[in-house]
Amino acid sequence: MSEFKELIKSFSKSREYVRDFFVYGFKTRDEFSGWSGRTYDNERRRLESWLSGYVKQDYTSKGKNIYLSIDSNLLDTNPLFRVWKAKSFTDNDIMLHFYILDYLLKSPEQTADEIADGLLKEYGKVFDSQIVRRKSNQYAAEGILIKEKSGKEVLYRLAPPFQELLTAHSGLENAIKLYQLSSPLGIIGNTIMDTASFQNDLFRIKHNFFVHTLEDEMLLLILQAMHERKSVLLNIKSTKSENFLEAKGVPLKIFTSTRTGRRYLCLYLPDKKRFANIRMDAVKSIKIADLYPDYEAIRDKLEKNKESAWGVSFQNDNRHHSEHVKLTLRINEQSEKYILKRLQREGKGGAIQQIAPDTFTYETEVFDANEMLPWIRTFIGRIVSIESDCPQLNDRFQRDFLTMYHMYFK
Amino acid sequence: MTELFSEVYNCYFQVIKSLIEKKNFISEKEVTLHIKNTCFEESILYLLPKLTEQGWGFYEKQDGLLHSRLSENFYVPLTDLQKSYIKAILLDDKIGLFLDDKEIEAISDAFSDVEPLYLPDDFYYYDRFADKDDYKNPDYRNHFRTILSAIQNHEYINILYESRYHRRLHHSYLPCRIEYSIKNDCFRLLAVEAHHSQQPQVITLNLCRIQEVIPTGRIARQLPNISHLIQHSRYHEPVCILIKNRRNALERAMLQFANYEKSTRKLDEDIYECLIYYNKETETELLIEILSFGPMIKVVGNETFLRQIKERLMRQAAL
């Protein structure tokens, strides 16, 4: 039996496990399909080690299940960031990291051979100069070292300390404390806090979905393709089944829901001449492909189109270009002004009109009216009528409402 | 593009760096404690021998203490990935709360060798509320900065506040944290009242309704533990819901409620029970989130929450 290791080489397998534990949190050992019992045990132990303090366990008739219970509003940072800090390394990696950086701090502008000699002299550590050169080049590519040619020699020196910039602009430190929680790719902000040795003592976050960080490796590649105006080849796993499929398209934007926790990649599909949104958590691998010549034009088209999408759908089942929706709502105009405010701030620019005492209409035009149903249900208790050229909308609302009514009162 | 999943960001690397920064001489006990507090649960087993015995050689033993062989002013420069992240956040509209235009330009110039990791337009929050805070308003910026400084100094502040019903309220508070809501795109102050009883209550104030903030010069010995206070404010009984796993409802619900402290168990083939913990502050929001699932979710407890759901259904049936 191989020895248990806390650190990992590749992120992909653990990403699935953390996601399952974090999002579901009710699966027992037997219910994790696709993994052997030993894999489950190792992954569970790793997760308990990485996220100790956040892991809880329950005992059910079907066995023990462990889960992550995290109230994002109570935390100074996203605990799932810790998963990104578990990359395995060799003894040489860690020694070269500290010794090269320390040596170049004392003796700036050195060749790889000089660094190798310096490591022996200063710290008594023997490293082949090829290994030192490889690590120095890696760190120059990362931006940690600056590599410059001087005649025939290649010299390395440390990049300037970030602390100088933080001291000159103290607001930057506080900004990073906020953005590591609130921005896309906040994990990178969090690593800056590690590098500069400070912690968030100021901010809390609401309506953030911590689980999104597990997609950040994919997100980086997508952003790279977007900025280079290139197409991508995606390997996608269905969120409803175990099936995998391939897709090729032009990545244009990341669509994020602040309510449902879903995040999508908006692609243009040149073959089908339409936009499509794909769940980010379904994307398992990405290959950046060729340049897409009409990138700007298609992105402009998306900018215009997205205003008419209620959510992430750009078409409907009724072959309409768009669908009209009119809600008539009972709202006490004296005591329930907050409902009118809700319509204004959540209604994406729909028209609100008072048609009678305590009766208001809300009207809008969207690509797919069915996408509005969950939002419409939040007004249960005041919906007088739903009119739409999407006939399924009212039918589904009425059918679902009757089912709900029977659930509670029959 | 440099790697995100890289050993450079590894927890062990960070803990060693912070140990070196801490002091030149350190006891084994301090090293142990620091690793336990900052690293993974099992890291100590691997890391401690590498630091204290014949391992990586960063320390040598002197008079029973560990002496660092690395410089006191040791530092790790930022990677290009980190620099390009900073350039991305400099483009966000909230950055003006922290830095003025000249500072933004100076920081951007310092990282002129990298491009921003992303642009604000790369992301679209399609269901975000429309009435966001005005981050460009000079008063708003001043209030924000005064509050930040008061939190860091543990200083009481006097706040003139306009309530939802347009009443002007004047109170003294100890500010504890600023909360940012991604959905509302707004900030709220989490504070406790200056003259509170033994168990202080967390007060939430919208920053956009604050009219005036005046520092008092009075300093509190320490800030209360706001997480404990929020947890304490939760109802004893969680809401108990049954999720019917049709139309992918289980996956949708688990993701949507991932922000709440909750526990879930399977009752039978397609029914799951989920307990969600909440307080008065989040009650209405949770209620309408549950309603949005329609018949896929049934509330079975607690009584107060169940009664509110039933009231809305009865009102709807009467229309």
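Just so it is clear: chains get the letters A, B, ... in the order the sequence lines come, proteins before strands, and each one is counted from 1.
Between T378(A) atom OG1 and F293(B) atom CZ the span is 12.5 Å, to the nearest 0.5 Å. In this structure, the separation between CG on L313(B) and OH on Y405(A) is 8.0 Å, given to the nearest 0.5 Å. Of the inter-residue distances, the one linking I182(B) atom CD1 with I205(A) atom CD1 reads 4.0 Å to the nearest 0.5 angstrom. Residue Y124(B) holds its OH atom at 10.5 Å from CG of N277(A), rounded to the nearest 0.5 Å. Q14(B) contributes atom CD, which lies 7.0 Å from atom NZ of K85(A) (distance to the nearest 0.5 angstrom).
By number of non-hydrogen pairs under 4.5 angstrom with chain A, the leading residue of T38(B), L190(B), N73(B), L119(B) is N73(B). For chain A, the option among R128(B), R164(B), K94(B), H228(B) with the highest count of heavy-atom pairs below 4.5 Å is K94(B). In terms of heavy-atom pairs under 4.5 Å with chain A, the best-connected choice from I20(B), L148(B), I230(B), I151(B) is L148(B). Residue with the most contacts toward chain A among I147(B), I86(B), L97(B), N184(B): I86(B) (heavy-atom pairs, distance under 4.5 Å). Of the listed residues M296(B), R69(B), K132(B), E21(B), the one with more heavy-atom pairs under 4.5 angstrom with chain A than any other is R69(B). In terms of non-hydrogen atom pairs under 4.5 Å with chain A, the most contact-rich of L291(B), I288(B), I178(B) is I178(B).
When heavy atoms are compared at a cutoff of 4.5 Å, V299(B) approaches chain A by way of both its backbone and its side chain. With a 4.5 angstrom heavy-atom cutoff, P161(A) touches chain B via backbone and side-chain atoms both. With a threshold of 4.5 angstrom between heavy atoms, Q138(A) approaches chain B through side-chain atoms but not through N, CA, C or O. At a 4.5 Å heavy-atom cutoff, I290(B) makes no contact with chain A through either its backbone or its side chain. Within the 4.5 angstrom heavy-atom criterion, only backbone atoms of C39(B) (N, CA, C, O) approach chain A. For chain B, the nearby part of Q344(A) is the backbone; its heavy atoms alone come within less than 4.5 Å. Of the atoms belonging to E142(A), heavy atoms from both backbone and side chain fall under 4.5 Å from chain B. Neither the backbone nor the side chain of Y103(A) comes within less than 4.5 Å of any heavy atom of chain B. Using a 4.5 Å cut-off between heavy atoms, A141(A) touches chain B through its backbone atoms (N, CA, C, O) alone. Contact annotation for R188(B): only side-chain heavy atoms (C-beta onward) come within less than 4.5 Å of a heavy atom of chain A. Only the side chain of L105(A) has a heavy atom closer than 4.5 Å to any heavy atom of chain B. Contacts between K9(A) and chain B at a heavy-atom distance below 4.5 Å involve the backbone alone (N, CA, C, O). If you measure heavy-atom distances from R330(A) to chain B, the contacts under 4.5 Å come from the side chain alone. Contact of F111(B) with chain A is made through the side chain alone, with heavy-atom distances under 4.5 Å. With a 4.5 Å cut-off on non-hydrogen atoms, K348(A) touches chain B through its side chain but not through its backbone. Heavy atoms of S10(A) lying under 4.5 Å from chain B belong exclusively to its backbone. Residue E60(B): no heavy atom, backbone or side chain, is found under 4.5 Å from chain A. Looking at I376(A), neither its backbone nor its side chain comes within 4.5 Å of chain B, counting heavy atoms on both sides. With a 4.5 Å cut-off on non-hydrogen atoms, K106(A) touches chain B through its side chain but not through its backbone. Contact of L145(A) with chain B is not made at all, since no heavy-atom distance falls under 4.5 Å. Heavy-atom distances place both the backbone and the side chain of D121(B) under 4.5 Å from chain A.
Nearest heavy-atom pair across I297(B) and Y408(A) is O-OH, 3.9 Å. Considering all non-hydrogen atoms of both residues, P77(B) and A159(A) come closest at CG-O, 3.4 Å. Closest non-hydrogen pair, Y118(B) versus P184(A), comes out as OH-O, 3.1 Å. Shown here for F209(A) and L255(B), the closest heavy-atom pair between the two residues is CE2-O, 3.4 Å. Pairing each heavy atom of A110(B) with each of L165(A), the nearest pair is CB-CD1, 3.9 Å. Summarising the geometry of F58(B) relative to I94(A), their closest heavy-atom pair is CZ-O, 3.7 Å, with the distance given to 0.1 Å.
In this structure, K87(A) is not positioned above the aromatic face of Y9(B) in the sense of NZ or CZ being under 6.0 Å from the six-membered ring centre and within 45° of the axis.
Checking Y85(B) against Q180(A) by side-chain atom types alone, no donor-acceptor pair falls below 3.5 Å. Judged by distance alone, the side chains of Q231(B) and D71(A) never bring a donor and an acceptor atom under 3.5 Å apart. With hydrogens and angles left out, the side-chain atoms of K17(B) and S197(A) include a donor and acceptor closer than 3.5 Å. For the 3.5 Å distance criterion, the side chains of D92(B) and Y179(A) qualify, holding a donor opposite an acceptor. No hydrogens or angles considered: nothing links the side chains of S292(B) and R259(A) as a donor-acceptor pair under 3.5 Å. Between the side chains of T191(A) and Q82(B), at least one donor-acceptor pair of N or O atoms lies under 3.5 Å.
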Report the C-alpha separation of D76(A) and R177(B) in whole Å, then their side-chain angles, then the decisive distance to 0.1 Å, and conclude whether the salt bridge (Lys or Arg N to Asp or Glu O under 4.0 Å) test is met.
-> CA-CA 10 Å; D76(A) 298 328; R177(B) 288 287 187 277; 3.8 Å; yes

Can you list the steps and then say if T260(A) with Q256(B) is a side chain to side chain contact (heavy atoms under 4.5 Å, CB included)?
-> CA-CA 5 Å; T260(A) 65; Q256(B) 187 153 338; 3.7 Å; yes

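At a threshold of 4.0 Å, the pair K183(B)-E346(A) does not count as salt-bridged, since none of the basic side-chain nitrogens sits closer than that to a carboxylate oxygen. A salt bridge links K50(B) with D91(A): at least one charged nitrogen is closer than 4.0 Å to a carboxylate oxygen. A salt bridge between R345(A) and D185(B) is absent, with no side-chain N of the basic residue lying under 4.0 Å from a carboxylate O of the acidic one. In summary, R262(A) and D127(B) do not engage in a salt bridge, as defined by a charged side-chain N under 4.0 Å from a carboxylate O. Of the charged side-chain nitrogens involved, at least one lies within less than 4.0 Å of a carboxylate oxygen, so that R45(A) and E42(B) count as a salt-bridged pair.
Atom CD of Q152(B) sits in a crowded spot, with more than 12 heavy atoms from other residues, nucleotides or ligands closer than 6.0 Å.
Two rings, from F89(A) and F13(B), have their centers less than 6.0 Å apart. A centroid separation of 6.0 Å or more is found between the aromatic rings of F255(A) and F123(B). Checked against the 6.0 Å centroid criterion, the rings of Y75(B) and F162(A) do not qualify as a close aromatic pair.
I89(B) pairs with exactly one of I188(A), L178(A), I176(A) by the side-chain contact (heavy atoms from CB on, under 4.5 Å) rule, that one being I176(A).
Ring orientation note: the planes of F203(A) and F98(B) are nearly perpendicular, at an angle over 60° on the 30°/60° scale.
In this structure, H97(A) and V76(B) have side chains that are in contact, with non-hydrogen atoms separated by less than 4.5 Å.
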